[in-house]
Amino acid sequence: MLRVLSLVFLMFATSAFSAPRSELWSYWDKSNDSNTQSVSHQAWQSFLDRYLVTEGENT
């Protein structure tokens with residue numbers, strides 16, 4: 001009896017935390033393969049270099 005109750009509980013517990021069905025949004029499906037523009041992430045890298053604490057440094 002305990003096994004059956006555990007199995008029923010497990011079935012409902014896993015479905016309660018499942019993700020909803022995925023839906024493809026056409027907005028995110030657009031791309032331009034001929035685009036040669038490059039994106040600079042230097043500002044983000046400068047922020048990380050300044051504020052990111054690495055292991056052994058102030059830990």
Side-chain angles (χ1 to χ4, degrees):
M1 182 64 178
L2 184 59
R3 277 187 164 171
V4 173
L5 288 176
S6 297
L7 182 61
V8 170
F9 175 75
L10 184 62
M11 285 183 350
F12 287 111
T14 56
S15 65
F17 295 108
S18 300
R21 288 191 63 181
S22 62
E23 296 178 21
L24 179 61
W25 293 1
S26 62
Y27 175 81
W28 298 110
D29 195 29
K30 298 174 184 159
S31 64
N32 182 358
D33 294 332
S34 64
N35 186 358
T36 59
Q37 180 182 11
S38 65
V39 177
S40 173
H41 298 284
Q42 187 57 44
W44 176 245
Q45 188 60 51
S46 296
F47 176 83
L48 290 176
D49 291 342
R50 181 175 297 144
Y51 295 109
L52 183 67
V53 177
T54 59
E55 186 176 335
E57 183 181 303
N58 300 325
T59 57

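Numbering starts at 1 and runs along the sequence shown. Worth saying up front: this structure is predicted, and the values here are computed from it rather than measured.
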Trainee: Check the hydrophobic clustering (I, L, V, M, F, W, Y; side-chain heavy atoms under 4.5 Å; chains of links allowed) and say if W28 and L24 are grouped together.
Mentor: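 Shared cluster, no.
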Trainee: Sequence neighbours left out, what passes side-chain hydrogen bond (donor to acceptor under 3.5 Å, both in side chains) with N32? Give chain and number order.
Mentor: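 Expected list: S34.
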Trainee: Can you tell me how far the CG atom of D49 sits from the CD atom of Q42, to the nearest 0.5 Å?
Mentor: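 Between atom CG of D49 and atom CD of Q42 there are 7.5 Å.
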Trainee: What residues form a side-chain hydrogen bond (donor to acceptor under 3.5 Å, both in side chains) with D29, not counting sequence neighbours?
Mentor: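 So D29 forms no side-chain hydrogen bond (donor to acceptor under 3.5 Å, both in side chains) with any residue.
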Trainee: Let me check something: do W44 and Y51 share a hydrophobic cluster, defined by ILVMFWY side-chain heavy atoms less than 4.5 Å apart, either directly or through other members?
Mentor: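 Result: yes, single cluster for both.
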Trainee: The criterion is side-chain hydrogen bond (donor to acceptor under 3.5 Å, both in side chains); which residues satisfy it with S38, sequence neighbours excluded?
Mentor: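 S38: no side-chain hydrogen bond (donor to acceptor under 3.5 Å, both in side chains) contacts found.
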